[in-house]
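See structure below.
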Amino acid sequence: MTDQPDQSVEGVEGEERDDLSKAESRQIRARSVRLLGSLVHPMRGKLALAVVVVVISTISQVAGPSIIAYGIDTGLPALLAQDWMPVALAGLAYLLAGVTGALLIAWFTILSARISQAILFDLRRRVFLHTQRLSLEFHESYTSGRIISRQTSDLDAIRELLDSGINQLVQGVLYMLFTAIALFLLDVESGFILLASLVPLLVLTRWFQLRSQRLYRRTRVASARLIVQFVETMTGIRAVKAFRTEKRNEREFGELVEQYRESNAKVIRLFGVYDPGLVLIGNVAVAVVLLVGGFRVIDGGLEIGVLLAAVLYTRRFFDPMEDMAMFYNGYQSATAALEKISGVLEERPSVADPEKPVDLWHSAGHVAFEGVEFGYTADRPILPHFDLDIPAGQTIALVGSTGAGKTTLAKLISRFYDPSAGRVTLDGIDLRELHPKDLRRAIVMVTQEAYLFSGTVADNIAIGKPDASRDEIIAAARAVGAAGFIEGLPNGYETDVNKRGGRVSAGQRQLISFARAFLADPAVLILDEATASLDIPSERLVQDALQTLLADRTAVIIAHRLSTVSIADRVLVMERGRIVEDGTPDELIAGDGRFSQLHASWRNSLV
Amino acid sequence: MQNQRDMQNETEPRRAGTVATLARLRPYAAAALPRIYTAMVASLLASLVALAIPQVLQWMVDGPLADGDASQVWVAAGIVLGLGVLEAVLIGLRRALVLTPGTHVESRMRNALYAKLQDLPVTFHDRWPSGQLLSRAVSDLNLIRRWLSFGLVLLVVNVLTLVGGLIILIVMNWVLGLIFAAAALPVIAYGFAFERKYSSVARRSQDQAGDLATSVEESVHGIRVLKAFGRSRYALKRFESQAEELRGTEIEKAKAIAGIWLYLTLIPDLAFGVCLVVGVWLASVGQSSVGELVAFFATGTVLLFPIWSMGYFLAMTLDAKTATLRFFEVMDAPNTIRDPATPATARGGAGELRFDDVHFRYQDSPDAFPDLVDGVTLTVRPGETMALVGLTGSGKSTLTALTTRLYDVTGGAVRLDGVDVRDLTREQLRSRIAMAFEEATLFSKTVRENVLLGRPDASEAELREALDIAQAQFVDELPHGLDTKVGEEGLSLSGGQRQRLALARAIAAKPSVLVLDDPLSALDVDTEALVEAALRRVLATTTALIVAHRPSTVALADRVALLEDGRITAVGTHSELLATSEHYRFVISSLEAETHAASEEVSS
């Protein structure tokens, strides 16, 4: 419970804690309210209109009892005197109020849906965009399931609030307000009784607020855990089945489901006290109004009709109370979700877009490392001190055992990470200052993991260049030797690759991802084990394609199969974050260094 | 698309089906039902109490107030207070009764869905985007829970309250009562139209929410690709257009709700207006009293909220119905890969793996296409290591997936020690055959848990041995060694590291048959050589089927099978095939191409 100095609630830190100190709790609450404010702000015009509509509609609804009172108190004596006017007037007024009220309420329903959907859309968009902006470092530590749960179940909580909540809130508050005003106009004493009943109401609400806040936070954490496990199981279903972990998973998932249920049930139980408590307060108020009013009627100080209306108003005042309680409940739940979402939005990408981006319309492809140091964690440097100059147009083969830092090097060139010291430059411009658009156009990396998005094969190739024509897509597929298998698919380029490319083999996926890179046509191409899953003939085709493709561009190729080396101008052998050999393939093979050994053993493995 | 078409074709049966659909929740809700019914009674009593309050008022207006009897005012107020307290207690009781059991129903359904999804074959998961599954498991079940413990109770109670209220109104004054009751007819008529319209929109909105979840998931899992190509904007655009569609659907939904709200507020108000005029006239001609009118309108007012809330509960019920439909779409999905009714006993056989004229094709692949695996007959002898070689897309991975029934053959049979794999339970089968996939899936658990996935009770020594064979000693350098959690704490393993853990996992399972799908593709030459040397020891006694692209991996094998367009075209030792099969040379030999490049350079 103590506030430890090293703990923080910045961003997503401390997200799973539920022992927040008061100050921390205030801090994240404030952040989520700020977010809510910024979402509502652009909607204020529409919101004002909605409020006006609902005000008028509520007035016409609230007018009901008064019209009835008028009908009975004035209309009846008048009718007894054969005067139809007052009662007819009352009847008409009631009809008019009814029609107005109903039409406006319908309009308001649509208006408020537009507002809440616009807010939701804005929030979805912001979270999505921000998630994309956050660096790989964040994604690698936050787990995909959690970020998915932020964007699904947390947004659901907010949607629930907005869906019914705005209706309930605006209507309920106004309804209560107008009922109270009408009551005051009708009978001041009854009005004060109503006012007095607000004191216990506020006390009860405060109690509920404090308790539910903490419980709802727990609910969000529990639901995120649940989603993490769910997503992982479904994504890794093959491994789950192959290693028979179904039963164990069911147990683990069952525990998470139970935790989620338990935290849900706790909030619900809390609400189970809050809601009847409100009803009780309302009913006591009705009894008191009746008691006090009854005596006044006997004293002759009050018309019977007025007492009746006063009692009806008092009761009506509490009618929306259940809705209000539900709104408040939904609000608490949504705020807990907003706290988590605002935490994600507060995360600053460690690889940030430059404030004053430098444009680079045409890149020559000259890459340089100047005194670069890098480690994923501070105590374990991967690249201790690294200098390297890759002239424009050079094709480099990067060789070395796993863990030597080859992939890290590739990630630094493509700016998945930033160096902790020194700089990486393209055509002399620090990557951190380069306009992201130009950076991504100039430098493209293809990795071993060839992820396919749902959609057609053509869609997936077009990721390299979204506005590519069909001809360009086909040309790219031809160039890397992917056209053959694509044309053999049931619908050719229009074949749906389904979930995670279930229907195409790993090698075929790599070919598609090659076609992507080909289509993107970058100045610097980085291939990180991009041919590992290819069979030898396909690899040969890819290499032929590369030879033409790489003729006038810079390339860094990481491959364990040294066949790639044949198309390289220069070979770098890396060991523990340092370059130990550097030369043309011929030089290195002819020498007696590490590469010549590697090459020899690789040659021996060939047939 | 398909769903929308279904909706249109089936409006008639579906309309009848709202109750039938929701009734399917019964098995999950059974335990909670008695409490739900009790809650309905409590809630109904609460409504009755609320209805009784105006009666007390009438009595008071006509009695004590008319007589000026002050002591009776105390009594009347006391009764109203008593009733008020009772109402609150009953509402509290309703919540206490139903809400906790509701969460249990939700849990039960969620666990059942998860278990079913794990049980369903890989073909199902190939077809279903996981966002759709996620939205079912989370949002839909949430909706059903709230409907069960809240919507259902209040819907029933509101209907009963309305019926009861109308009866009281008619008894009180039949003319006014009937006028009010007649107003219900157009509302009910509109209700049916609303149900049809709303159901289809609700369904569309839930499906679109699932699609949106899928997009979110893909944008997260494919983040590296999106970043590498700088396509975040492009992904955002796609996401936006989907979110935009969902927004449109939601607004359509709101319009449908606005429509029914219009009726639900307008018609009772109209009825009230008419009743007011008629009532005052009745009183004027002595057919009614002021007290009666007061009570009539007070009762009518009590009924207004149940009427208005009908729209909300109706919509909620329809949401719950479509959510239930979506839930049962998964639960009803036929599982084509089941355990046999009478499983064959899994003898501790030697581990002979035989393919007998095996065929496989995806159910939905067009007739014009040949089978993906098109009549494979192959025997891997006990203890033998067989390499499977063929071009990308020739069916190698599919063939390996058939051994553990990730897919089932569509013709012929795969036999383990002479027993059709379909005659074994999946548990038996998969404990005897272990697989390593090329795409190494690791879960966010500790390294130890990941490696011991197939045999959690393995000893420390066995774990170490498996890690050593897979050359995965790097685990000791991780921040917490074997207890480091993969996928969290900023830990990202390289492709080669992941592959070695996956290989260690298959070895640690100590199966009689190892099926390895290109398990060394991401390893560098040195590490590969080390793994191979170590692997030879294991393979000496274990039957193995290894998909291979490289000659170095083939070197592990005793024999090689060449797969060409779903058929085995040659089986033999590596050198035999090199000598006899031109296709084999084409697939496995890089020397041809290399002769121009590397070898000449060496000699120069």
Side-chain angles (χ1 to χ4, degrees), chain A residues 68 71 75-76 79 87 91 94-95 98 102 106 109-110 113 117 124 128 132 140-141 144 151-153 234 236-237 239 242-244 246 253 257 261 265 268 272 276 279-280 283 287 290-291 294 297-298 308 402 440 445 448 451 453 466 485 502 506-507 532 535-536 540 560 566 602 605 607, chain B residues 65 68 73 77 80-81 84 88 91-92 95 99-100 103 107 110 114 118 125-126 130 138 213 216 218 220 222 225 228 230 232 234 239 243 247 250 254 258 262 265-266 269 273 276-277 280 284 294 297 392-393 430 435 438 441 453-454 490 492 495-496 521 524-525 549 551-552 590 593 597:
Chain A
I68 293 175
L76 186 54
L79 191 57
V87 72
Y94 205 97
L95 287 182
T109 307
I110 297 169
Q117 287 302 316
R124 282 209 173 99
F128 188 92
Q132 287 295 316
E140 277 164 358
S141 61
S144 51
Q151 294 188 68
T152 53
S153 91
M234 298 311 144
I237 192 74
F243 292 95
R244 317 174 311 284
E246 292 99 332
F253 188 72
V257 166
R261 188 202 68 75
I268 290 171
V279 174
L280 182 66
N283 283 342
L290 179 65
L291 183 70
V297 170
I298 289 174
L308 183 72
T402 339
R440 295 299 167 205
M445 171 150 100
Q448 186 188 16
Y451 188 85
F453 296 87
F485 95 84
D535 55 57
I536 290 169
R540 210 178 288 146
H560 297 310
S566 59
W602 172 74
S605 77
V607 286
Chain B
L65 291 183
V73 173
V80 169
L81 180 66
I91 291 178
R95 293 198 167 272
L99 291 174
T100 315
T103 61
S107 292
R110 189 166 285 140
Y114 183 77
Q118 287 202 110
H125 290 272
D126 285 345
S130 46
V138 181
V216 164
E218 289 190 348
V220 173
V225 174
S232 295
Y234 168 73
F239 176 79
R247 167 157 83 167
E250 288 291 329
L262 182 65
T265 41
L266 185 61
D269 271 347
L276 179 61
V277 176
V280 171
S284 77
V294 166
F297 286 111
T392 291
R430 290 169 188 167
M435 296 183 79
E438 192 200 356
T441 312
L453 205 60
S492 60
S521 64
D524 60 84
V525 183
H549 282 137
S552 50
S590 19

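Every chain is numbered from 1 and lettered A, B, ... according to where its sequence line falls, protein lines coming before strand lines. The figures that follow rest on heavy atoms only: side chains count, while hydrogens, waters and symmetry mates do not.
Only the side chain of A:T152 comes within contact range of chain B, judged by heavy atoms closer than 4.5 Å. Both the backbone and the side chain of B:R430 come within less than 4.5 Å of a heavy atom in chain A.
Across all their heavy atoms, B:V80 and A:L290 have their closest contact at CG2-CD2, 3.3 Å. When all heavy atoms are compared, the tightest approach of B:V73 to A:G294 is CG1-CA, 4.0 Å. Residues B:A243 and A:R124 share a closest heavy-atom pair of CB-CD, 4.5 Å. Here the closest non-hydrogen pair linking A:I110 and B:A254 is CG1-O, 4.3 Å. Smallest separation of non-hydrogen atoms from B:Q118 and A:I237: CA-CD1, 4.1 Å.
Atoms NE2 and CD1, on B:H549 and A:I536 in that order, are 9.0 Å from each other to the nearest 0.5 Å. Remark: B:R110 CZ to A:F253 CZ distance equals 6.5 Å, nearest 0.5 Å. Between the CG atom of A:N283 and the CG atom of B:L81 there is a distance of 8.5 Å, given to the nearest 0.5 Å.
Counting heavy-atom pairs closer than 4.5 Å to chain B, the top-ranked of the candidates A:G71, A:A506, A:A106 is A:A106. No other option in A:G272, A:G236, A:P466 has as many heavy-atom pairs under 4.5 Å with chain B as A:P466. Of the listed residues B:V216, B:V138, B:V277, the one with more heavy-atom pairs under 4.5 angstrom with chain A than any other is B:V216. Top candidate by heavy-atom pairs under 4.5 Å with chain B, chosen from A:M445, A:Q117, A:R244, is A:R244. Ranked by heavy-atom pairs under 4.5 Å with chain A, the first of B:L453, B:V225, B:V220 is B:L453. Of all the listed residues (B:G92, B:A213, B:A258), the one sharing the greatest number of non-hydrogen pairs under 4.5 Å with chain A is B:A258.
In this structure, the side-chain contact (heavy atoms from CB on, under 4.5 Å) partners of B:S232, at least two apart in sequence or on a different chain, are A:Q132. With sequence neighbours excluded, the residues forming a salt bridge (Lys or Arg N to Asp or Glu O under 4.0 Å) with B:R247 are B:E244, listed by chain and number.
The backbone N or O of B:T392 lies less than 3.5 Å from a partner atom in the side chain of A:D535, making a donor-acceptor pair. Panel note: side chain A:R440, backbone B:A228; no donor-acceptor pair is recorded below 3.5 Å.
A heavy-atom distance below 4.5 Å is not found between the side chains of B:T100 and A:I268. Two residues are said to be in side-chain contact when any heavy atoms from C-beta on lie closer than 4.5 Å; B:Y114 and A:M234 meet this criterion.
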